[in-house]
Amino acid sequence: MRLGAVISLGLIALGAVMVLLPFVWLVSVSLKPHAEIFTTEVALLPTRPTLANYWTALTETDIPRYLLNGAIVTGSILVLQLAVTVPAAYAMAHRRFPGRRLMFGAVVAALLVPFHVTAIPIFLGFAQLRLLDTYAALILPFMASAFGLFLLRQAFSQIPAELIDAARVDGMSEMGIAWRIAFPLGMPTVIAFAIFSVTAHWNDLFWPLIATTDPGLATPPRGILFFRDQESGDDVGPLMAGATLITVPLILGFLLAQKRFTQGLANTGLKK
Amino acid sequence: MRNRALTDLVLAGPAALVVILFIFLPVAVVFVLAFTDYQVGARSANWIGIENFATLFGSRQGRNALLNTVVYAGIVIPASVGLGLLVAMGLHRLTDILPRLSAVLRTVYFLPVAATLVAMAVSWQMLLHPSLGLINTWMSVLGLAPQQWLSDRGLVLYTLAAIGIWQSVGYNMVLFLAGLATIPTALYDAAAVDGADRGWSRFWTVTWPMLGPTTLFVVIVTAVNAFRVFETVATMTKGGPAFASDTIVYALYREGFVYFKAGYASAITVVFFLALLLLTALQIMLVERRVHYR
Amino acid sequence: MTARLSLDGVTKRFGTTEAVRNVSLTLHDGEFMALLGASGCGKSTTLRLLAGLEAPSAGRVLLNGRDVTRDSAAARNIALMFQSYALYPHLTVFQNIALPLRMRGLSAVQRLPGTALVSPVVRKRQAQIKAQVSQVAEMLRLGDLLARKPGQLSGGQQQRVALARALVREPSAFLLDEPLSNLDTQLRADTRDEIRALHRRTGYPFLLVTHDQSDALSMADRIAVMIAGEIVQVGSPKEIFHRPQSIAVAEFIGHHRINLLPPGPAGRLHPAGTRLWIGIRPEDLRLSPEGALAATVESRAFHGEETILKLRDDAGTALRIVLRGGETLPNPGDTVRLAANPAALHGFGADGRREDIPA
């Protein structure tokens with residue numbers, strides 16, 4: 001039994017090393033000087049580490065622009081999603097209006113639709129409206145988050161009806177209750193959803209690849225591909241530095257708020 | 001009364017509107033477009049019945065994309081679910097003995113889930129580079145022949161599947177760990193008293209059946225994600241070489257947004273969507289059958 | 001009586017805390033014993049040590065005189081009924097009951113599905129298992145429920161399944177962990193009778209672990225009282241109740257907490273009270289104009305068939321007395337005199353141990 005535990009620990013540790021390999025390699029190559037990258041004697045770690053690649057990526061390429069775009073797009077998506085979702089989720093959880101059940105049914109049905117399925121019509125519609133190649137094109141389609149509606153509605157349902165009634169008796173408006181009672185009380189779920197939303201859209205490649213061709217609008221993953229395809233393969237160091245830079249924000253967030261992050265992604269993984 | 005209705009409209013109206021506009025309407029449009037020969041930018045389109053579907057299932061290229069996706073999923077699903085379970089069971093046991101180490105290992109396994117896949121694909125591409133990559137260097141150290149991981153037609157799909165497994169094991173591990181934590185210890189005690197006190201008999205008597213619902217969920221999530229594989233293909237191979245790593249979502253992207261064949265791409269979308277719905281239906285059926293589990 | 005299962009000087013430490021300290025305890029053939037203690041006193045750990053689910057830090061576990069300290073739970077063949085029942089939710093009642101027999105009677109290969117089609121040995125063994133399960137199920141009135149799953153059963157039915165699973169393999173001893181705690185009052189009374197009857201019918205040695213003294217007093221032949229990880233007294237229910245060996249046991253046992261008078265003031269109840277603590281149960285005190293003890297009534301609570309008076313004697317000791325019947329009840333503020341039957345007095349030395357006093 002002891003021996004078994006040692007063996008299984010060994011195998012798990014070996015697996016962890018393999019899981020880490022691309023991360024180590026990414027950072028390692030980004031720290032290698034040019035000559036160490038283009039050599040036949042490939043080593044895992046740099047012998048003379050340098051930050052030159054990062055300097056190049058930050059000053060001579062559009063990486064900062066991509067990071068800014070990523071922040072703009074993911075931030076706007078999250079704000080719009082919450083603005084639309086919180087009042088509706090509150091209404092579905094605590095108000096009796098005609099069509100309430102139908103709406104919840106529709107939300108559950110919409111959960112089954114991956115974004116890929118809606119991409120062609122949205123693309124055609126945006127082309128008609130001349131919205132392609134704008135920030136709006138990257139942001140607007142994701143306002144409709146069936147997942148957010150579902151998750152928040154479930155969270156808000158846990159709030160006792162008496163508390164809502166008390167707020168009504170105290171003279172709060174319904175919109176006020178949604179934002180000042182339901183929203184803060186549902187905060188753990190809101191945070192889980194926010195983590196999920198930001199991660200999904202920061203990392204998304206599919207829609208930015210379709211909706212934009214202007215490098216000035218590129219989100220981080222789209223940008224890194226622009227960068228890679230423009231260079232002739234000679235700028236591997238700065239490319240790896242750039243790839244490191246676009247991964248760092250999420251990894252940092254994950255390491256700092258690990259529990260929340262894991263919950264956010266684990267409970268919410270079905271939907272992209 | 002009118003006031004109430006107005007309040008409901010203000011609260012729920014915007015959400016209802018965007019859900020219809022960006023989800024239900026596009027789904028309906030896709031199902032219509034799938035039966036036309038519409039090209040992006042064209043002024044008109046013709047009804048062509050099931051011709052797009054006939055092309056998808058009839059042409060070598062179409063069948064190739066479908067088959068590649070099935071092969072990819074067929075590798076990734078069992079491997080990443082199985083490894084996820086093994087790692088979770090190992091870490092679950094380790095939590096009692098070495099909690100710190102267990103937490104660190106858990107973090108490491110989960111990293112690929114949080115990381116930007118495109119950036120990691122760039123790193124994988126360098127790792128797998130035929131001459132500058134670490135993998136081939138290590139292969140020759142071990143006395144093995146270097147491989148063209150991403151440009152060998154017979155190998156590329158398996159390379160992508162390996163990366164798919166790398167990416168999803170941690171996620172499955174987290175779900176399995178949550179499942180393991182809910183198994184009552186009294187059940188393990190009962191099994192020990194009944195004679196199932198170690199290794200396989202313990203696993204088959206308690207762990208595996210009690211993880212049933214978790215496993216079903218993990219398999220479905222992994223399957224859905226495997227069928228959607230796109231980022232690694234788009235970043236590393238663009239479906240090549242010679243369509244050897246073409247998959248259904250990549251084909252959808254290529255036909256619709258590179259060749260602008262909106263009608264044909266819609267047909268691919270419909271097939272992709274129906275396959276996912278079938279998976280979900282399967283899940284619901286299995287869950288129904290196990291309803292008296294709790 | 002021969003010893004079936006015993007602990008010999010067993011200590012169990014978790015980290016630095018000692019859950020069980022130097023416990024020796026013997027369960028004899030055919031007897032019904034109760035291990036009684038407050039929650040957290042170490043009685044569940046004792047049970048797990050006996051069953052083989054925990055290994056002792058020191059001491060030995062003996063089964064039929066043989067040292068089984070290092071044997072697994074399954075090898076000891078001790079049946080255990082869990083507080084939560086711990087039924088396998090995915091298996092039917094039949095499969096739940098059959099599982100211990102299958103684990104014992106069939107090898108891992110023989111347990112694979114479909115082997116019965118190939119092997120006559122497996123077929124024969126399975127027929128035996130089926131017969132054994134049916135017999136136990138009949139005894140516990142589970143015959144109609146064999147195809148159900150635990151989730152479809154009531155609490156009482158689940159408990160009978162747990163009993164059946166424990167009994168089916170003819171165990172060397174039967175340990176029950178708080179078997180009555182999940183049942184409502186009515187079912188509790190019925191189940192007490194049922195478990196007693198089961199003990200008489202099967203003749204296995206039973207060890208009942210409970211925090212409820214009325215369960216222990218009403219069901220067991222012998223009671224072991226456990227306080228803070230140690231066995232403080234072992235004896236028949238009557239001995240435990242009428243001759244508690246220490247103040248701790250005297251305070252733990254009894255529906256109403258025992259009155260304790262410190263040495264000195266206690267001398268008014270009994271000459272020995274000048275140097276000993278004197279304990280007297282609230283039921284054994286009575287109002288009497290000639291009583292030796294004067295006390296002031298502080299409060300009065302009517303409970304239906306009995307009335308409880310809280311008093312304070314002139315030395316400042318709080319007292320309680322239970323009155324049954326139609327005496328005229330004093331009011332709060334009244335001063336009354338109390339008398340006790342000398343045979344009902346318990347004397348305890350300064351170390352808390354019992355010291356017998358002449359009646």
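Just so we're on the same page: letters track the sequence lines, and every chain starts at 1. Note: hydrogens, waters and symmetry copies are ignored here, and every other heavy atom, side chains too, is used.
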Which one wins on heavy-atom pair count under 4.5 Å against chain B: A:L209, A:L140, A:V86? A:L209
If you count heavy-atom pairs under 4.5 Å between each of A:S145, A:S8, A:A106, A:A127 and chain B, which one has the most? A:A106
Spatial distance of atom CZ (A:R95) from atom CG (B:D8) [nearest 0.5 Å]: 4.0 Å
May I ask you to decide if the ring planes of A:F123 and B:F260 are parallel, tilted or perpendicular, using 30° and 60° as cut-offs? parallel
Between chain B and each of A:L250, A:T118, A:I251, count heavy-atom pairs under 4.5 Å; write down the option with the most. A:T118
Interchain contact, A:M143 with chain B, by part (heavy-atom threshold 4.5 Å): both
Please flag which part of B:L127 lies under 4.5 Å from any non-hydrogen atom of chain A: side chain, backbone, both or neither. both
Main-chain N/O of A:V19 paired to B:Y109 side chain as donor or acceptor, under 3.5 Å: no
Test of ring centre spacing under 6.0 Å for A:F142 and B:F22: no
Region of B:L9 in contact with chain A, defined by heavy-atom distances below 4.5 Å: neither
Answer with side chain, backbone, both or neither: which region of B:T280 has an atom nearer than 4.5 Å to a non-hydrogen atom of chain A? side chain
Roughly how far apart are A:F97 CZ and B:T7 OG1, rounded to 0.5 Å? 11.5 Å
Winner by heavy-atom pair count (cut-off under 4.5 Å) against chain B, out of A:I122, A:V17, A:I224: A:I122
A:M18, CE: over 12 other non-hydrogen atoms inside 6.0 angstrom: no
Non-hydrogen atoms of chain A under 4.5 Å away: do they reach the side chain of B:L101, the backbone, both or neither? side chain
Using 30° and 60° as the class limits, which term best fits the ring planes of B:F230 and A:F206: parallel, tilted or perpendicular? perpendicular
Looking only at A:L245, A:L11, A:L21, A:V107, the option with the highest number of non-hydrogen pairs under 4.5 Å against chain B is A:L21
If I measure from the heavy atoms of chain A, does B:L277 come under 4.5 Å with its side chain, its backbone, both, or neither? side chain
Pair count under 4.5 Å, heavy atoms only, with chain B: among A:A88, A:G253, A:A13, highest is A:A88
Counting only non-hydrogen atoms closer than 4.5 Å, does B:L105 touch chain A with its backbone (N, CA, C, O), its side chain (CB onward), both, or neither? side chain
For the residue pair A:H116 and B:V249, what are the closest heavy atoms and their distance? CD2-CG1, 3.5 Å
Contact class of B:T235 relative to chain A, heavy atoms under 4.5 angstrom: both
